[in-house]
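Report on the following structure.
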Amino acid sequence: MSELNEEVRRRLANLNLNPSERDEVIAEITGHLELIAVEMGFDGSVKDDATSQVLAAVKDWPKLGKQIEKSKERGMKDRLRKIWLPALGTGFVAYAAQNIIAHLVTWPRVVRFNDSYLVYSWQWLLVLLFTGALGAYWSRMMGGTFRDRLIVALAPSEIMGAFVLAMLPISLGLDWAVGRQVPYALTHPTVVVAMLSWMVVLPAVPSMLGAAWFLKGDEKLHGEPRASVLG
Amino acid sequence: MIDANVKRGSAELAVLSLLERGAMHGYEIAKRVEQETGGVLKFDVASLYPLLYRLEKQGWVAAEWQESDTGRRRRCYKLTREGKKQLVPLRAQWRSFFEALQQLGGLASLEGAR
């Protein structure tokens with residue numbers, strides 16, 4: 001890491017962005033300052049006095065940090081486009097496919113596991129490979145970051161996770177009302193862990209595998225080919 | 001000397017107009033703006049990047065990392081379809097703004113006297 005890069009990182013240490021976004025900003029500003037250094041007659045390696053001269057191109061670093069944070073602040077419309085709509089679409093496709101498989105193709109398999117039951121359908125797990133890819137690709141097309149794409153790809157698991165967690169207080173209420181008469185109530189830690197594993201973690205695996213290809217790379221760009229004149 | 005607010009308002013138009021010609025990285029944008037306006041408009045790091053990030057957030061420009069001929073990675077900005085659409089009314093607004101100023105401030109007569 002160059003001295004200049006370290007200095008920029010130190011001066012923008014309080015930049016309140018996610019780590020990958022912060023690294024990107026630091027790399028971009030360092031690149032800009034390196035070109036200023038070349039313009040000022042310093043060679044590629046900017047050291048000591050030269051570093052402080054180049055860094056002086058930014059008069060108020062904390063103010064720059066605040067301005068960058070403000071300009072990158074995401075609005076609701078942005079989140080809707082990059083996260084919410086793709087996630088809802090992905091979740092809808094996944095659970096529509098689950099219903100079709102369950103009612104038209106085959107019933108899910110039920111396997112008894114100690115005192116619990118594992119309900120799964122391998123056909124649905126295969127569909128999740130596709131929905132994972134679909135979600136990550138959709139979010140990428142909308143300009144979503146790595147994090148956004150991951151959130152969208154895992155939407156089927158997140159929806160089920162939210163459902164399980166929402167059921168927890170209801171189960172606690174039922175448990176209290178009927179005096180621990182329900183054998184597989186969600187209040188039992190083993191049942192909660194088992195349900196989270198089967199309904200959240202297990203579907204997350206094929207979703208992640210399907211999404212892997214689309215998690216890398218930048219968003220699709222529109223417009224003319226690049227016409228750059230400066231290094 | 002042009003007032004800072006006017007400069008700020010014109011910065012968006014300057015960057016979008018420049019990117020209409022092709023993708024550029026931040027330093028290149030700053031240099032081109034300075035050269036092509038004879039130094040009247042100038043971008044420094046503190047004024048350029050917040051603007052670029054805001055335009056990116058609005059979806060008017062998109063950015064991607066590219067490797068230059070020297071092997072260095074640069075984040076290049078490109079005008080999006082939405083950006084191209086936005087440029088049309090933005091230009092019209094600025095044109096009418098200057099026309100209004102011309103009438104009010106007698107810029108036309110100054111021009112004629114030159």
Side-chain angles (χ1 to χ4, degrees), chain A residues 2 8 11-12 15 17 21 23-39 44 54-75 77-79 81-82 141-143 217-231, chain B residues 8 11-12 15-16 18-36 42-87:
Chain A
S2 74
V8 173
R11 285 161 196 248
L12 291 176
L15 200 56
L17 299 173
E21 215 169 14
D23 287 348
E24 232 178 29
V25 167
I26 290 166
E28 186 170 21
I29 289 175
T30 303
H32 189 117
L33 294 177
E34 279 170 356
L35 288 170
I36 290 179
V38 172
E39 189 185 276
V54 172
L55 287 166
V58 179
K59 289 178 182 68
D60 190 343
W61 284 90
K63 191 179 169 192
L64 173 64
K66 290 275 167 244
Q67 282 176 330
I68 290 173
E69 276 171 23
K70 200 177 165 199
S71 64
K72 279 189 170 275
E73 231 168 47
R74 299 173 77 171
K77 197 179 162 191
D78 189 56
R79 284 195 294 271
R81 207 161 45 93
K82 293 174 181 173
M141 285 296 288
M142 294 294 117
D218 287 312
E219 63 270 28
K220 192 179 175 186
L221 296 173
H222 302 291
E224 286 91 29
R226 183 171 179 247
S228 176
V229 291
L230 295 172
Chain B
R8 232 189 328 267
E12 237 170 49
V15 169
L16 293 177
L18 212 53
L19 292 179
E20 197 182 23
R21 301 180 206 167
M24 287 172 211
H25 54 73
Y27 179 83
E28 197 175 350
I29 294 170
K31 276 283 129 191
R32 288 272 199 99
V33 167
E34 191 178 342
Q35 283 165 5
E36 295 189 20
K42 258 185 190 175
F43 281 117
D44 55 18
V45 174
S47 58
L48 179 64
Y49 288 97
L51 171 67
L52 285 173
Y53 297 149
R54 189 163 50 80
L55 293 174
E56 190 182 9
K57 186 176 72 178
Q58 287 168 326
W60 297 4
V61 304
E64 72 173 352
W65 287 95
Q66 291 183 357
E67 205 161 295
S68 71
D69 300 337
T70 55
R72 286 188 184 277
R73 288 178 76 235
R74 305 270 177 236
R75 196 157 185 261
C76 287
Y77 292 86
K78 188 175 275 192
L79 197 63
T80 61
R81 284 183 191 150
E82 184 57 32
K84 275 184 191 169
K85 257 193 256 174
Q86 293 295 332
L87 199 48

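The basis for the numbers below is simple: all heavy atoms, side chains too, and nothing from hydrogens, waters or symmetry mates. Chain A is the first sequence line, chain B the second, and so forth, proteins listed ahead of strands; every chain is numbered from 1.
Distance check, rounded to the nearest 0.5 Å: NZ of B:Lys42 to CD of B:Glu34 gives 5.0 Å. Rounding to the nearest 0.5 angstrom, the gap separating the CD atom in A:Gln67 from the NZ atom in A:Lys72 is 14.0 Å.
Residues satisfying the side chain to side chain donor-acceptor pair (under 3.5 Å) criterion with B:Glu36, sequence neighbours excluded, are B:Arg21. With sequence neighbours excluded, the residues that form a side chain to side chain donor-acceptor pair (under 3.5 Å) with B:Tyr77 are A:Glu28, B:Arg75.
Each of B:Gly59, B:Ala46, B:Ser47, B:Pro50 has some count of heavy-atom pairs under 4.5 Å with chain A, and the biggest count is that of B:Pro50.
Contacts of B:Leu55 with chain A are absent, with no heavy-atom separation under 4.5 Å from either backbone or side chain. When heavy atoms are compared at a cutoff of 4.5 Å, A:Lys63 does not approach chain B at all.
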